[in-house]
Amino acid sequence: MAKNSVNDRIRSRVEAFAEELSALIRDSAMETVRDALGGGAAPRRAGRPGRPAASAAPVRGGGRREKGQKRDPGEIERLTGRLLDYVKGNAGQRIEQIAAGMGTVTKELNLPVKKLIAQKALKTKGQKRATQYFAR
């Protein structure tokens, strides 16, 4: 019976050690995760790689607008004129190339492009993202 009590004491000490070791490992893992996430801040949702956040997109002529706010008609007309001038000097470029050359984003050029096509000031070749723009 004395042997059983010694075995029980050994077993209880081993179990206590294992529990303490497990807690230390868990704490270490949590600390590593906290450090990787920037000191306990909640993880931020990342956008697509290589794309700036929507709030970082430059907006020409009038500064930033609130979400859903329409552009001033004068601003659209100025952008339409700049777009036509750019396409005259750089025929055959895609909208991404035009936007980069003009220092704006493609989203801002959608309406001016549609207006110029409707006015027959621009003609297109290709489809979707491969569309090339030419002045008439």
Side-chain angles (χ1 to χ4, degrees):
M1 185 149 177
K3 194 166 190 155
N4 281 342
S5 83
V6 171
N7 286 340
D8 288 343
R9 286 180 26 211
I10 291 173
R11 186 174 297 118
S12 71
R13 293 233 177 142
V14 168
E15 287 174 1
F17 175 74
E19 286 177 20
E20 184 180 348
L21 188 59
S22 177
L24 287 172
I25 291 170
R26 188 178 323 110
D27 290 346
S28 174
M30 291 301 288
E31 187 176 315
T32 302
V33 169
R34 250 184 256 115
D35 289 345
L37 293 176
R44 290 185 294 147
R45 188 173 159 210
R48 293 184 200 164
R51 289 186 68 157
S55 62
V59 177
R60 294 261 186 203
R64 298 204 181 277
R65 292 185 310 275
E66 293 296 320
K67 185 175 180 177
Q69 182 182 2
K70 291 186 177 184
R71 289 184 276 184
D72 178 45
E75 177 188 345
I76 294 172
E77 288 304 314
R78 286 189 297 276
L79 187 57
T80 302
R82 285 183 50 228
L83 174 62
L84 183 58
D85 291 340
Y86 185 87
V87 172
K88 284 180 181 177
N90 300 283
Q93 287 191 348
R94 296 185 325 274
I95 195 73
E96 294 91 357
Q97 295 168 320
I98 294 169
M102 292 178 63
T104 187
V105 292
T106 58
K107 183 178 179 181
E108 296 290 322
L109 295 178
N110 286 337
L111 182 59
V113 163
K114 287 179 184 178
K115 285 182 176 241
L116 289 171
I117 291 171
Q119 295 170 359
K120 300 202 185 275
L122 285 184
K123 61 181 178 177
T124 62
K125 176 183 175 185
Q127 294 179 350
K128 298 186 180 184
R129 288 190 61 210
T131 302
Q132 296 174 313
Y133 297 90
F134 302 89
R136 288 191 179 207

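Under the 4.5 angstrom side-chain criterion for Ile, Leu, Val, Met, Phe, Trp and Tyr, the cluster partners of I25 are F17, L21.
Annotation: the span from Y133 atom OH to K123 atom NZ amounts to 14.5 Å, rounded to 0.5 Å. Atom CG of residue L109 and atom CD of residue E96 lie 10.5 Å apart, to the nearest 0.5 angstrom. Atom NZ of K115 and atom CG of L84 lie 13.5 Å apart (nearest 0.5 Å). Note that CD of E77 and CG of D72 are 10.0 Å apart. Values are rounded to the nearest 0.5 Å. We find the CZ-OG1 distance between R94 and T131 to be 10.0 Å, quoted to the nearest 0.5 Å.
Note on V105 and I76: separate hydrophobic clusters, where clusters join Ile, Leu, Val, Met, Phe, Trp and Tyr whose side-chain heavy atoms are under 4.5 Å apart, directly or indirectly. Residue L111 is not grouped with residue I117 when hydrophobic side chains (ILVMFWY) are merged at heavy-atom distances under 4.5 angstrom, including chains of intermediate members.
The minimum heavy-atom distance between R71 and P112, with the atom names listed, is NH2-CD, 4.2 Å. When all heavy atoms of F134 and A91 are compared, the closest pair comes out as CD2-CB, 3.8 Å. Across all their heavy atoms, K88 and A135 have their closest contact at CG-CB, 3.5 Å. When all heavy atoms of Q93 and Q97 are compared, the closest pair comes out as CA-OE1, 3.4 Å.
Residue pairs meeting the salt bridge (Lys or Arg N to Asp or Glu O under 4.0 Å) criterion with at least one partner in residues 21-30, sequence neighbours excluded, do not occur; the list is empty.
Counting heavy atoms from C-beta on, the side chains of L83 and I98 come closer than 4.5 Å.
Residues passing the side-chain contact (heavy atoms from CB on, under 4.5 Å) test with D85: none are found, sequence neighbours excluded.
Heavy-atom contacts from other residues, nucleotides or ligands closer than 6.0 Å to CD of Q127 number 12 or fewer.
Between the side chain of S22 and the backbone N or O of A18 there is no donor-acceptor pair closer than 3.5 Å.
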